[in-house]
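Below: the structure, in structure tokens.
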Amino acid sequence: MALLLGAVRTERFCDGALLGFFKRGSIQRWLERLKEIDAGGTDKGRQIFDLARLPAILTKPRIRTGIERYQFIMEKVQRVDVSSDESFQKTYENFYTLGRYPKEFRREYFAYMERGKGAKPSFEETLSYFVKYGALEVSFSSKLVHTLDPEQPIWDGNVTGGHFGYRIPACNTKDREKKILERYERYKRDFFKYMASDDGKAVIRAFDEAFPKTGFTDLKKVDFVLWLDDGQGEPG
């Protein structure tokens, strides 16, 4: 805001100065940064993950259990009818803590997943679909989308909030669903940017060295490591 105000005030003493800021792209950068801050995005100076923690995270005993459960889910999802397969549902519910939801919601959740196998519903479509249950299911919508398309990131507080600084807008937020969708897209952009960075590539290499041939997407490898960084529960 100070930079914008300064640019406007400079025009009073130097004709054409404001136009110069526009031509150089300064105004656009400042406005984009303000929008990012308003959305709860990552601080530009913030470290996403401390690479020094990699050895400790990759040797945690429960990471192997998490990997096995996730592999089971991803191997079975296209092979069984997830709307009725009890083994798949139980593993999924335990891995992603879906079991705490009412039976009616879980039944519809797996039925929607089964119907979506061919079309791969978007995060927006999935989020809107489950509104009928009275809430915007941000996390579980993203987990369903990821299960059908593992190149889509999961919205989980441990990673999304703890590492990237994004929070779900408060319940009384105006146009909340629209803002959630905008925030998810910004989070996805930042996640992919981190994956492509030197640090992100180092995480992927370390994961592959510790657990070769998992069949995971690079996105999920990074997700596993960042999730486990808080030391609570299973990856997901």
Side-chain angles (χ1 to χ4, degrees), residues 1 28-44 46 48 73-74 77 82-83 89 92-93 95-195 217 219-220 222-223 226-227 230 233 235-236:
M1 288 299 296
Q28 181 176 346
R29 287 196 302 274
W30 300 336
L31 289 173
E32 287 176 348
R33 180 59 185 139
L34 282 172
K35 189 174 183 180
E36 190 174 59
I37 292 169
D38 182 59
T42 308
D43 184 339
K44 293 298 184 183
R46 176 179 184 159
I48 301 298
I73 290 168
M74 301 308 288
V77 65
V82 300
S83 67
Q89 293 181 7
Y92 189 98
E93 289 172 2
F95 186 70
Y96 286 125
T97 67
L98 184 66
R100 58 191 171 87
Y101 276 67
K103 187 175 182 179
E104 180 186 0
F105 176 84
R106 285 181 280 139
R107 183 169 56 247
E108 184 58 33
Y109 187 88
F110 289 116
Y112 182 84
M113 185 185 293
E114 179 64 28
R115 294 195 301 272
K117 284 182 178 180
K120 293 183 179 178
S122 67
F123 175 71
E124 180 178 2
E125 292 168 338
T126 306
L127 186 72
S128 298
Y129 182 83
F130 289 107
V131 168
K132 64 184 180 181
Y133 287 93
L136 289 166
E137 293 294 341
V138 180
S139 181
F140 282 110
S141 292
S142 72
K143 289 167 181 173
L144 188 154
V145 169
H146 171 84
T147 303
L148 297 178
D149 182 1
E151 294 292 353
Q152 300 302 316
I154 289 172
W155 184 290
D156 184 283
N158 294 340
V159 177
T160 315
H163 291 281
F164 289 90
Y166 284 95
R167 301 285 188 274
I168 297 174
C171 291
N172 59 351
T173 302
K174 184 179 179 181
D175 298 324
R176 186 168 181 251
E177 184 172 353
K178 178 183 177 183
K179 290 182 178 178
I180 287 172
L181 294 171
E182 291 174 350
R183 201 161 295 189
Y184 177 80
E185 288 302 315
R186 293 193 187 103
Y187 163 60
K188 185 161 74 168
R189 176 202 63 197
D190 285 351
F191 196 104
F192 289 149
K193 188 182 294 184
Y194 177 73
M195 283 175 56
T217 60
L219 182 147
K220 190 57 186 178
V222 173
D223 179 73
L226 297 186
W227 199 97
D230 83 332

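Side chains of T147 and K143: no donor on one and acceptor on the other come within 3.5 Å. No hydrogens or angles considered: nothing links the side chains of E137 and Y109 as a donor-acceptor pair under 3.5 Å.
The two residues N158 and H163 have their closest heavy-atom pair at O-CD2, 3.4 Å. For the residue pair S142 and P153, the shortest heavy atom distance occurs at CB-O, 4.1 Å. Heavy-atom minimum distance, R167 versus G161: NH1-CA, 2.7 Å. A pairwise comparison of heavy atoms in P121 and T126 identifies CB-OG1, 3.7 Å as the closest pair.
Side-chain contact between L127 and Y184: absent, with no pair of heavy atoms (C-beta onward) separated by less than 4.5 Å. Considering only heavy atoms from C-beta on, E125 comes within 4.5 Å of Y112 through its side chain. Two residues are said to be in side-chain contact when any heavy atoms from C-beta on lie closer than 4.5 Å; F164 and R186 fail this criterion. No side-chain heavy atom of W227 sits under 4.5 Å from any side-chain heavy atom of I154.
Distance CD1/I180 to OH/Y166: 14.5 Å, rounded to 0.5 Å. Atom CG of residue L219 and atom CG of residue D149 lie 9.5 Å apart, to the nearest 0.5 angstrom. Summarising the geometry, atom CD1 belonging to I168 is positioned 15.0 Å from atom NZ belonging to K179; distances are rounded to the nearest 0.5 Å. With rounding to the nearest 0.5 Å, the separation of CD1 in I48 from CG in D190 is 7.0 Å. L136 CG to T173 OG1: the interatomic distance, rounded to the nearest 0.5 Å, is 10.5 Å. To the nearest 0.5 Å, the span separating NZ on K117 from OG on S83 amounts to 8.0 Å.
Around atom NZ of K132, more than 12 heavy atoms belonging to other residues, nucleotides or ligands sit under 6.0 Å away. The 12-atom threshold is exceeded at CD of E114, counting heavy atoms of other residues, nucleotides or ligands nearer than 6.0 Å.
Remark: side-chain polar atoms of H146 are paired, donor with acceptor, to backbone N or O of Q152 under 3.5 angstrom. A donor-acceptor pair is defined here as one N or O able to donate and one able to accept, closer than 3.5 Å; such a pair exists between the side chain of R176 and the backbone of P169.
Evaluated for a ring-ring contact (aromatic ring centres under 6.0 Å, His included) with Y187, the options F123, Y194, W155, F192 yield exactly one hit, W155.
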side-chain contact (heavy atoms from CB on, under 4.5 Å) assessment of Y92 paired with V82: CA-CA 10 Å; Y92 189 98; V82 300; over 6 Å; no

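For the side-chain hydrogen bond (donor to acceptor under 3.5 Å, both in side chains) test, residues two or more places apart in sequence or in another chain that qualify with R115 are E108, Y129. Not a single side-chain hydrogen bond (donor to acceptor under 3.5 Å, both in side chains) links Y133 to another residue, sequence neighbours left out. The side-chain hydrogen bond (donor to acceptor under 3.5 Å, both in side chains) test applied to K178 returns no partner, not counting sequence neighbours.
Checked against a 6.0 Å centroid threshold, the rings of F130 and F140 do not count as neighbours.
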